[in-house]
Amino acid sequence: MSTLVIAEHDNTNLKPATLNTVAAANAIGGAIHILVAGNSCQSVADEAAAVDGVEKVILADDSAYENHLAESIANLIKSISTDYSHILAPATTFGKNVLPRLSALLDVQQISEITEVVSEDTFKRPIYAGSCIATVKSSDATKVITVRATAFDPVNASGGSASIESISADGVSDLSSFLNEEIAQSDRPELTAAGIVISGGRGMQSGDNFHLLETIADKLGAAVGASRAAVDAGFVPNDYQVGQTGKIVAPDLYIAVGISGAIQHLAGMKDSKVIVAINKDEDAPIFQVADYGLVADLFNALPELADQL
Amino acid sequence: MKIVVPIKRVVDYNVKVRPLGDQSDVDLNNVKMAMNPFCEIAIEEAVRLKEAGTATEVIAVTVGKSDSQEQLRTALALGADRAILIETNSLLEPLAIAKALTKVIEAESPQLVILGKQAIDGDNNQTGQMLAALLNYGQATFASKISIDGDSASVTREIDGGLQTIKVKLPAIITTDLRLNEPRYASLPNIMKAKKKELDVQPIDSMGIDTAPRMELLSVELPAARQEGIKVESVEELVGKLKNEAKVIS
Ligand SMILES: Cc1cc2nc3c(=O)[nH]c(=O)nc-3n(C[C@H](O)[C@H](O)[C@H](O)COP(=O)(O)OP(=O)(O)OC[C@H]3O[C@@H](n4cnc5c(N)ncnc54)[C@H](O)[C@@H]3O)c2cc1C
């Protein structure tokens with residue numbers, strides 16, 4: 001039994017979700033290899049080789065992999081797949097894009113977004129926006145799996161000394177090509193990796209008002225998130241969205257401000273350790289999952305909170 | 001340009017689904033069903049491309065039980081020209097659904113296939129990508145903007161870090177994200193008209209594909225419940241609790 005973990009990275013650094021995915025691989029058992037496919041990404045391979053518990057890093061360094069397009073990466077993974085019983089990637093937009101394609105190429109039914117490893121072929125995963133947890137057993141020879149990062153504590157980024165083996169590009173596709181990217185730049189921590197998240201909803205009324213949250217975020221070293229309604233209304237960009245169809249977060253502290261608590265939002269944050277809700281409607285469903293609820297107008301509560309921190 | 005839009009009948013997004021008493025599956029007795037919201041966005045985009053003169057025909061397809069005809073009629077009322085039901089009484093996995101859709105697409109040879117990025121029942125987020133692999137088409141997932149330029153499409157994708165724009169050769173598979181458009185409601189005259197549109201039913205057994213399940217559902221349970229919380233009276237009390245009780249801020 002051996003597992004291939006597909007590294008997520010930006011050609012310079014390994015993304016933290018890779019460490020949670022290695023943790024899921026640990027729970028399955030067997031040797032763990034990491035595939036780093038990218039362009040001029042030796043530094044990522046070095047980082048991956050240092051990850052605790054990894055036996056080998058496979059490096060495919062080629063301009064074809066610069067933008068991690070699904071067609072070429074899926075073909076590449078397929079070309080080395082026969083060595084593995086399990087192939088894992090984080091359930092990020094990267095993993096969700098690439099792995100189902102690979103899965104079909106291998107004639108395998110993927111197991112999406114697992115939250116627990118029961119045994120080498122049996123896994124738990126949320127369904128219906130996390131309303132229920134399904135336990136599923138796969139009979140496919142190769143298990144292709146995406147991993148919900150927040151459900152697995154990351155392994156140590158150091159302590160390992162894996163060998164690095166280079167392979168050449170295989171099955172490069174020209175079906176799609178990269179045009180451009182607008183990647184949000186922020187000094188705040190990344191939403192899915194932050195210890196504290198403060199999110200705003202429709203109750204914020206405008207994008208300008210998000211500065212009320214940002215002031216608090218900066219005092220707490222927190223990331224800023226949002227509900228779908230706030231993103232749809234254009235208050236903040238799409239990468240802020242927390243929920244069933246956005247990002248899944250599970251920080252030590254999640255503060256929901258002017259968010260009603262629709263099941264689709266709860267799906268993305270209800271595994272946070274401590275939840276605070278600030279809402280002027282005392283019957284808002286968000287209070288049902290909040291450890292501490294404050295019934296108040298956010299436009300009074302937020303400046304006060306900023307003052308007291 | 002012909003567009004095929006595969007859609008799915010799912011539990012309405014307002015329903016809170018619970019396990020059956022014996023935890024063998026989810027309880028779908030007497031719950032409201034609807035078209036998957038991401039599929040509504042896919043239909044809307046295809047219909048807009050037709051209204052803009054880019055597309056000539058929009059074909060809605062689903063793989064499911066006979067009652068999925070209801071959602072196909074909705075698609076027709078929203079502007080699809082005709083519909084195809086691949087009928088099966090089994091609950092198929094995404095791979096089997098993608099295989100059935102492959103047959104339809106090979107027969108129809110559309111230039112574009114638009115699907116929802118995920119169905120809100122299984123939350124799998126797989127079918128579009130699998131279909132792209134089986135057809136050897138390019139894929140543009142999680143789309144928030146689509147523009148067709150000749151034999152390719154430029155698609156802006158919602159990714160974790162922000163937005164990415166890629167070009168895919170046609171024919172291609174595109175999956176929709178929430179911000180692609182705001183779907184219309186079907187008007188009463190269009191609902192009436194939809195009843196007369198062509199809806200072709202084909203049994204899945206006639207397709208010669210392997211739809212055997214690869215996964216066994218062992219159980220369905222509720223997630224661990226959270227401990228009940230408290231209401232605080234003031235910001236000061238809140239800060240005190242976070243510092244001294246929860247110890248999550250210092
Ligand atoms: C297919 C699908 C996918 C979805 N995916 C997601 C997802 O990933 N993430 C997500 O968040 N949603 C998602 N949704 C949307 C979800 O159903 C809700 O519509 C959304 O979460 C509501 O956002 P909200 O709580 O900000 O807005 P509302 O529900 O409008 O709530 C606003 C809240 O603000 C409070 N408020 C207003 N003014 C003030 C004030 N001055 N002071 C204090 N409180 C105030 C109100 O009392 C209210 O509770 C999805 C929906 C669908 C159909």
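Side-chain atoms are counted along with the backbone in the values below, which use heavy atoms only and exclude waters and symmetry mates. Naming convention: chains lettered A, B, ... in sequence-line order (proteins, then strands); numbering from 1 in each chain.
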Query raised in the report: Which atom names give the shortest non-hydrogen contact between Val274(A) and Ala246(B), and what distance separates them?
Result: CG2-CB, 4.0 Å

Query - Pairing of Arg226(B) and Asp291(A) as salt bridge, 4.0 angstrom limit - result: yes

Requested in this report: Could you look at Ala184(A) and say if it's the side chain, the backbone, both or neither that has a heavy atom under 4.5 Å from chain B?
Outcome: both

Query raised in the report: Is any side-chain N of the basic residue among Asp174(A) and Lys169(B) closer than 4.0 Å to the acidic one's carboxylate O?
Result: yes

Query - Part of Tyr13(B) within contact of chain A (heavy atom distance under 4.5 Å) - result: both

Query raised in the report: With chain B, which of Asp232(A), Asp307(A), Asp252(A), Ile263(A) has the greatest number of heavy-atom pairs at distances under 4.5 Å?
Result: Asp232(A)

Query raised in the report: Would you say the side-chain atoms of Gln139(B) pair up with the backbone N or O of Asn97(A), donor to acceptor, closer than 3.5 Å?
Result: yes

Query raised in the report: Would you call Gln110(A) and Asn124(B) a side-chain contact if the rule is heavy atoms closer than 4.5 Å?
Result: no

Report task. Go through the atoms of Ala296(A) and report whether side chain, backbone, both or neither lie under 4.5 Å from a heavy atom of chain B. Result -> neither

Query raised in the report: More than 12 heavy atoms of other residues, nucleotides or ligands under 6.0 Å from CG of Asp67(B): is that the case?
Result: yes

Query raised in the report: Short question: side chain of Lys117(B), backbone of Thr245(A) - any donor-acceptor pair under 3.5 Å?
Result: yes

Query raised in the report: Do Val108(A) and Leu95(B) come within less than 4.5 Å of each other through their side chains, counting heavy atoms only?
Result: no

Report summary line: Scanning both residues in full, the closest heavy-atom pair of Val235(B) with Leu294(A) reads CG2-CD2, 3.8 Å

Report summary line: Looking only at Leu309(A), Thr146(A), Thr92(A), the option with the highest number of non-hydrogen pairs under 4.5 Å against chain B is Thr92(A)

Report task. Would you mind telling me which of Leu131(B), Thr141(B), Leu170(B) has the largest number of heavy-atom pairs within less than 4.5 Å of chain A? Result -> Thr141(B)

Query - Pairs of heavy atoms under 4.5 Å with chain B: top-ranked of Ser272(A), Ser173(A), Ala267(A), Ala74(A) - result: Ser272(A)

Query - Any side-chain heavy-atom pair of Val248(B) and Ile196(A) under 4.5 Å - result: no

Query raised in the report: If only atom types and distance count, is the side chain of Arg179(B) paired as donor or acceptor with the main-chain N or O of Val231(A) below 3.5 Å?
Result: no

Query raised in the report: Do Ile183(A) and Ile159(B) have side-chain heavy atoms sitting under 4.5 Å apart?
Result: yes

Report task. Verify the distance criterion only: is there a donor paired with an acceptor across the side chains of Tyr292(A) and Glu245(B) at less than 3.5 Å? Result -> yes

Query raised in the report: With a 4.5 angstrom heavy-atom cut-off, which part of Ile275(A) approaches chain B: side chain, backbone, both or neither?
Result: both

Query raised in the report: When you measure from the centre of the six-membered ring of Phe287(A), is the NZ or CZ of Lys231(B) under 6.0 Å away and within 45° of the axis?
Result: yes

Report task. Measure the shortest side-chain to side-chain distance between Met130(B) and Arg101(A) over non-hydrogen atoms and say whether it is less than 4.5 angstrom. Result -> no

Report summary line: Counting heavy-atom pairs under 4.5 angstrom with chain A, the leader among Val11(B), Asn136(B), Thr156(B) is Asn136(B)

**Report entry** Atom of Ser131(A), atom of Val17(B) and distance for their closest heavy-atom approach
**Finding:** CB-O, 3.4 Å

Query - Residue part contacting chain B, namely of Leu305(A), when any heavy atom lies under 4.5 Å - result: both

**Report entry** Separation between NZ of Lys96(A) and CD of Gln126(B), rounded to the nearest 0.5 Å
**Finding:** 11.5 Å

Report task. Please check if the side chain of Gln109(A) supplies one atom and the backbone of Glu93(B) the other of a donor-acceptor pair under 3.5 Å. Result -> no

Query raised in the report: Would you call Lys124(A) and Glu221(B) a salt bridge, using N to O less than 4.0 angstrom?
Result: yes

Query raised in the report: What residue in Ile127(A), Leu102(A), Asp140(A) has the most heavy-atom pairs under 4.5 Å with chain B?
Result: Asp140(A)

Query - Leu222(B)/Ile133(A) under side-chain contact (heavy atoms from CB on, under 4.5 Å): CA gap, chis, key distance, verdict - result: CA-CA 6 Å; Leu222(B) 286 175; Ile133(A) 307 292; over 6 Å; no

Query - Lys137(A) atom NZ, neighbour heavy-atom count above 12 within 6.0 Å - result: no

Report summary line: Heavy-atom nearest pair, Cys132(A) first then Val26(B), reads SG-CG1, 3.9 Å

**Report entry** Non-hydrogen side-chain atoms of Gln164(B) and Glu182(A) separated by less than 4.5 Å
**Finding:** no

Query raised in the report: Highest number of heavy-atom pairs under 4.5 Å with chain A: which of Val168(B), Asp25(B), Val155(B)?
Result: Val168(B)

**Report entry** Structural part of Leu238(B) lying under 4.5 Å from a heavy atom of chain A
**Finding:** side chain

Query - Distance in Å, Asn238(A) CG paired with Leu163(B) CG, rounded so as to fall on 0.5 Å steps - result: 4.5 Å

Query - Per-residue contact mode, Ala98(B) against chain A (heavy atom under 4.5 angstrom) - result: neither

Query raised in the report: Checking heavy atoms, do the side chain of Thr122(A), its backbone, both or neither come under 4.5 Å from chain B?
Result: side chain

**Report entry** Heavy-atom pair of closest approach, residues Pro223(B) and Gly130(A)
**Finding:** CG-O, 3.3 Å

Report task. Determine the option with the most heavy-atom pairs under 4.5 angstrom with chain A, choosing from Arg157(B), Glu233(B), Gln227(B), Arg18(B). Result -> Arg157(B)

Query raised in the report: Heavy-atom count around Arg184(B) CZ within 6.0 Å, excluding the residue itself: above 12?
Result: yes

**Report entry** Contact class of Gln264(A) relative to chain B, heavy atoms under 4.5 angstrom
**Finding:** side chain

Query raised in the report: To the nearest 0.5 Å, what is the distance between CG (Asp160(B)) and NZ (Lys15(A))?
Result: 8.0 Å

Query raised in the report: Any salt bridge between Asp107(A) and Arg214(B), counting N to O under 4.0 Å?
Result: yes

Requested in this report: Would you give the length of the straight line joining atom OG of Ser234(B) to atom CD of Gln308(A), rounded to the nearest 0.5 angstrom?
Outcome: 7.5 Å

Query raised in the report: Can you tell which of Asn180(A), Leu253(A), Leu99(A) has the highest number of heavy-atom pairs within less than 4.5 Å of chain B?
Result: Asn180(A)

Query raised in the report: Do you know which of Lys270(A), Glu282(A), Gln244(A) has the most heavy-atom pairs under 4.5 Å to chain B?
Result: Gln244(A)

Requested in this report: Among Pro19(B), Ala132(B), Ala119(B), single out the residue with the greatest number of heavy-atom pairs under 4.5 Å to chain A.
Outcome: Ala132(B)

Query raised in the report: Which heavy atom in Gly122(B) sits nearest to a heavy atom in Arg125(A), and how many Å separate them?
Result: O-NH2, 2.9 Å

Requested in this report: Please lay out, stage by stage, how Phe142(B) and Thr93(A) fare under the test side-chain contact (heavy atoms from CB on, under 4.5 Å).
Outcome: CA-CA 8 Å; Phe142(B) 326 144; Thr93(A) 50; 3.9 Å; yes

Requested in this report: Would you mind reporting whether Leu69(A) and Ile166(B) have side-chain heavy atoms less than 4.5 Å apart?
Outcome: yes

Query raised in the report: Taking atom CG of Leu28(B) and atom OH of Tyr128(A), what is their separation to the nearest 0.5 Å?
Result: 4.5 Å

Requested in this report: Could you look at Gln241(A) and say if it's the side chain, the backbone, both or neither that has a heavy atom under 4.5 Å from chain B?
Outcome: side chain

Requested in this report: State the OG-CG distance between Ser112(A) and Asp123(B), to the nearest 0.5 angstrom.
Outcome: 9.0 Å

Query raised in the report: Counting heavy-atom pairs under 4.5 Å to chain A, which of Gly229(B), Gly128(B), Ala133(B), Pro213(B) comes out on top?
Result: Ala133(B)

